[in-house]
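Have a look at the structure below, then the notes.
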Amino acid sequence: SQTIHQWPATLVQPVGSPLSLECTVEGTSNPNLYWYRQAAGRGLQLLFYSVGIGQISSEVPQNLSASRPQDRQFILSSKKLLLSDSGFYLCAWSVMEGGEQFFGPGTRLTVL
Amino acid sequence: GENVEQHPSTLSVQEGDSAVIKCTYSDSASNYFPWYKQELGKGPQLIIDIRSNVGEKKDQRIAVTLNKTAKHFSLHITETQPEDSAVYFCAASNSSASKIIFGSGTRLSIRP
């Protein structure tokens with residue numbers, strides 16, 4: 001069966017520090033991968049998606065970047081965090097474009 | 001592009017009563033409509049979905065209806081229980097799109 005992992009589960013970082021969040025998927029090949037951010041009490045904002053290794057589409061211009069160094073690994077990064085980067089970051093995968101997505105457990109990021 | 005609107009934003013029902021959440025979409029090409037349940041501090045979980053070739057789908061206490069002409073779909077939860085308390089998201093996509101579009105979410109509270 002397929003599983004999706006995210007780490008860390010929680011993170012507290014100072015403003016201006018770098019960020020690296022990791023997402024890995026097991027049990028499937030060539031998944032579509034997605035990064036979402038969820039502000040407290042709010043909906044899901046799509047940040048990036050990838051349909052293959054090295055292929056990244058950005059939805060919202062911002063302080064973040066994404067990379068896909070391996071087929072089942074998706075990384076969200078920032079060189080310098082802003083207070084507004086605080087939120088709940090969710091990784092998701094799907095077998096096909098436009099199909100059902102399966103979410104990871106999320107990373108709660110607090111920028112102080 | 002696709003736009004999904006979800007109502008209400010909050011809903012409180014007595015335990016045992018029914019709850020209904022409604023969504024509308026804008027893109028007539030959308031053909032896949034999933035519903036997700038998100039419990040506090042966790043990633044969203046797919047609870048039921050429907051494709052455009054059917055008008056209704058049921059899974060125990062949960063049902064989803066789709067009206068393609070009016071471009072709206074609804075989630076129905078019968079005999080609500082305390083564990084139904086969560087945030088629910090609707091979404092829409094079509095098979096040629098790389099992503100699915102989420103509604104803004106409904107916070108459902110079940111009163112004991």
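The sequence lines fix the lettering, A, B, ..., with proteins before strands; numbering per chain opens at 1. For the numbers below, each heavy atom of this structure counts, side chains included, while hydrogens, waters and symmetry mates do not. What you see is a predicted model; the values in this text were computed from it and never measured.
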Closest contact, heavy atoms only, Tyr34(A) versus Lys99(B): CE2-CA, 4.3 Å

Cluster overlap Leu11(A) with Val15(A), hydrophobic side-chain contacts below 4.5 Å: yes

Sorted by number, residues from residues 23-37 of chain B in contact with chain A (heavy atoms, under 4.5 Å): Tyr32(B), Tyr36(B)

Separation between CD1 of Ile100(B) and OH of Tyr49(A), rounded to the nearest 0.5 Å: 13.0 Å

Which portion of Asn94(B) sits near chain A, non-hydrogen atoms under 4.5 angstrom: backbone

Segment of Gln38(B) engaging chain A (4.5 angstrom heavy-atom cut-off): side chain

Chain B-proximal positions within residues 76-83 of chain A [heavy-atom distance under 4.5 Å]: none

Choice from Gly43(B), Gly105(B), Pro44(B), Ser9(B) maximising heavy atom contacts with chain A below 4.5 Å: Pro44(B)

Winner by heavy-atom pair count (cut-off under 4.5 Å) against chain B, out of Gln38(A), Gln45(A), Arg42(A), Arg108(A): Gln38(A)

Single-linkage hydrophobic cluster Phe102(A)~Val51(A), side-chain heavy atoms < 4.5 angstrom: no

Single-linkage hydrophobic cluster, 4.5 Å side-chain cutoff, Phe103(A) and Tyr89(A) together: no

Side-chain heavy-atom pair Lys42(B), Leu90(A) within 4.5 angstrom cut-off: no

Crowding at CD, Glu79(B) (>12 non-hydrogen neighbours, <6.0 Å): no

Ile48(B) reachable from Tyr88(B) in the ILVMFWY side-chain graph, under 4.5 Å edges: yes

Shared hydrophobic cluster, Ile77(B) / Val87(B) (ILVMFWY, side-chain heavy atoms < 4.5 Å): no

Proximity breakdown for Leu46(B) and chain A, heavy-atom pairs closer than 4.5 Å: side chain

Crowding at CD, Glu83(B) (>12 non-hydrogen neighbours, <6.0 Å): yes

